[in-house]
Protein chains: 2
Amino acid sequence: MSMAVATAAARRSEPLPDETRLMLRAAQLYYRLNLTQDQVGERLGVSRFKVGRLLDRALREAAVRIEVVHPAARLVELEDALVDRFGLAGAVVVDVPATGSVADDELLARECVAEAAAAHLASLRPVGAIGVSWGRTMLELAAHLRPGWTAATEIVQLNGATSRSAYPTRAHEIVERFGATTGAAIRLMAAPAIVGSHELRDALEADPSVGETLAAARASATAVFSMGVMGPDSVHVASGYLGDADLAALADAGAVGDVLGRFLSLEGRIALPSLDQRTIGLPLGELRAKALTVGLAAGTGRGPVALAALRAACVTVLVADESTAAWVLDHA
Amino acid sequence: MSMAVATAAARRSEPLPDETRLMLRAAQLYYRLNLTQDQVGERLGVSRFKVGRLLDRALREAAVRIEVVHPAARLVELEDALVDRFGLAGAVVVDVPATGSVADDELLARECVAEAAAAHLASLRPVGAIGVSWGRTMLELAAHLRPGWTAATEIVQLNGATSRSAYPTRAHEIVERFGATTGAAIRLMAAPAIVGSHELRDALEADPSVGETLAAARASATAVFSMGVMGPDSVHVASGYLGDADLAALADAGAVGDVLGRFLSLEGRIALPSLDQRTIGLPLGELRAKALTVGLAAGTGRGPVALAALRAACVTVLVADESTAAWVLDHA
DNA sequence: GACTGCCATGCTCATATGTGCATCAGCCTG
DNA sequence: CAGGCTGATGCACATATGAGCATGGCAGTC
């Protein structure tokens, strides 16, 4: 019953605004009783347009969840093979139906993996402090967390993320939702992911504004993160952390992708130490030391990073789609 | 990981028909990638009408679940009070937002309670044999069960239900969904809920067709059931088990509602022993003996039955809406 | 082989919903 | 206080969806 206590406590502290109450009532009336937006508007005394917008917001804020229950979702053979091969504490491999379009496959894989990860995390019930990273897959995961899925004390952002480009990292949204669903306090890392020099990195990490979060990140027993690919559609490129020169250097060094902004070679080693020293956040070695580390790999081309992360021994539970899992097992 | 094994095993035995695969792909494309039904049809090579029907089926079969996450859903104070007052193992009290219409309130209460019950059951993870009853609330509960929510060996119907009227009890649907989501075998009770005579009841219960299920019902450590009100909209009246004479006699005897077809007085005693002896299924005493009994009470007017059931000591975990819980605590 | 009832399909048309745009209130700024 | 900015509202219209009905294949029956 601790779950109920936690969510209730979290709630009591801020007694939810009228607008949100309205949104939830609208959602109930529309989705549960399937009234039309018109009818809902009549009941609540607002225009149908407003109802539409309320429902929109409910969907975006994940107050309404639409979920496809896929009876054949998990591929136990691959899960077992991964656990055996890499000595994992667990693995979740989901079957992602093909959509016919590459971009959509990517999206769908992210959704399916995120959903499975949310469910698996809930079954693991990590307590205490939980460290999280950011990125598209993490955002999706956050959206799939259910209120009260576990009772944590603190959610800590594991690596820097303040974007320098128009493309936002939305790291705070992710951390906030983890916090809101668990009743935990949150701790953001107010720093870029990658800076220009080793010295600046050290100075920032030494400053309390970043350093305290970093210390909390070190202290957390659990970490949840996604794996990024390298290349023009990488989140780090889109967010402006990596320029062409960095990308070229990484490619030369054999980097295949990143974990918490740390770019790895296929063998699971830091690909470019000079870049690593300009990266703000929990270092790979600290990640390896944690009791529970859940890594998500979703979408085409994630095979190599997943393998690298496994070889780097910084993942104890892998959540991946079928093609990624298959690639890893084929190339291990 | 036993959950994955169970669902996978359940799947492997019947490799899901093409039509169902199609339905799931359509649901993915429509709900997850929000394509229009037209676009989905184009991708899958079927007409938009067919897509509409596939989605319809997906919704009805609960392959797509639309859920309103209500951040203020649980009322912990009431839960604690119920646990203390009646010595329960647990209680779940959900806040049901008012809709403005009495009939809709009823519907919504059923939905909210069923959803909360499904979530709570999953967190309890009952194993072995699970006995279940039937009724509108149970049907709703069954629809909210997620594949792999627990790993049971057997799902047993606890009381008779073959309908004699046009209004179907849908007991088999309920039991089947419990079975399908847990990978368990199912055992139906092929008998009416209430028959005309004590002797016929005994004869039916002695017959292997009913007796074996009844023995399994006795043997199960867990029971899940809903509480019914007495009156013209009772499921037993709608299904044709109770006529006007029976209703009048029950009213005279002070019956307030039923648990597994056993009508109780407000004090928690069998209201009308002569009727009880014509009722097929697990008797109240056997229910009391179980380790875990989860009782659902949803909707207006359920207060009295809920109190009766609590006094009868046949509930260890109560799941109810706020008004029911409040009524019970006011009148205890 | 003709008949018949059944079910899946696709159609038309009414309805429900989303989008872009004009409007307007509130609020900061000079 | 004028001006202008921002965010919320409602509208007209284009589009998407659902309901009822006609069609046509198909299996079972005589």
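The analysis underlying the following values was restricted to heavy atoms, covering all of them including side chains, and did not include hydrogens, waters or symmetry mates. Quick note on labels: first sequence line is chain A, next is B, and so on, each numbered from 1. No experiment lies behind these values; they were computed from the predicted model shown.
Whole-Å rounding puts the Leu54(A) CG to dG10(D) P distance at 11 Å. Rounded to a whole Å, the CG atom of Asp56(B) is 13 Å from the P atom of dT17(D). Here the C1' atom of nucleotide dT17(D) and the CG atom of Asn34(B) are 15 Å apart, to the nearest Å.
For Arg177(A), there are no salt bridge (charged side-chain N to carboxylate O under 4.0 Å, His left out) partners at least two apart in sequence or on another chain. Qualifying side-chain contact (heavy atoms from CB on, under 4.5 Å) partners for Asp38(A), counting only residues two or more places apart in sequence or in other chains: Thr36(A), Arg48(A). Not counting sequence neighbours, Asp105(A) has no partner by the salt bridge (charged side-chain N to carboxylate O under 4.0 Å, His left out) test. With sequence neighbours left out, the side-chain contact (heavy atoms from CB on, under 4.5 Å) criterion links Ser47(A) to Phe49(A), Lys50(A). With sequence neighbours excluded, the residues forming a side-chain contact (heavy atoms from CB on, under 4.5 Å) with Glu106(B) are Arg110(B), Thr300(B), Arg302(B), listed by chain and number. Legend: residues meeting salt bridge (charged side-chain N to carboxylate O under 4.0 Å, His left out) with Glu61(B), ordered by chain and number and at least two apart, are Arg57(B). For Arg65(A), the side chain to side chain donor-acceptor pair (under 3.5 Å) test picks out no residue, with sequence neighbours left out. Looking at residues two or more places apart in sequence or on another chain, you find a side-chain contact (heavy atoms from CB on, under 4.5 Å) between Thr213(A) and Val156(A), Arg187(A), Met189(A).
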Show me the donor-acceptor pairs within less than 3.5 Å that the side chains of residues 23-33 of chain B make with the rest of the protein, sequence neighbours left out.
{"unit_1": "Arg25(B)", "atom_1": "NE", "unit_2": "Ala98(A)", "atom_2": "O", "d": "3.2"}
{"unit_1": "Arg25(B)", "atom_1": "NH2", "unit_2": "Ala98(A)", "atom_2": "O", "d": "2.8"}
{"unit_1": "Gln28(B)", "atom_1": "OE1", "unit_2": "Arg32(B)", "atom_2": "NE", "d": "2.8"}
{"unit_1": "Gln28(B)", "atom_1": "OE1", "unit_2": "Arg32(B)", "atom_2": "NH2", "d": "3.4"}
{"unit_1": "Arg32(B)", "atom_1": "NH1", "unit_2": "Glu115(A)", "atom_2": "OE1", "d": "2.5"}

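A ring-centre distance under 6.0 Å is found for His236(A) and Trp134(A).
End-to-end axis angle of the helix from dG1(C)-dC30(D) to dG30(C)-dC1(D), using five pairs per end and rounding to 10°, comes to 20°.
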Protein N or O to nucleotides 7-9 of chain D N or O, pairs below 3.5 Å:
{"unit_1": "dT9(D)", "atom_1": "OP1", "unit_2": "Lys50(A)", "atom_2": "NZ", "d": "3.0"}
{"unit_1": "dT9(D)", "atom_1": "OP2", "unit_2": "Lys50(A)", "atom_2": "NZ", "d": "3.3"}

Under 3.5 Å, N/O pairs linking protein and nucleotides 13-16 of chain D:
none

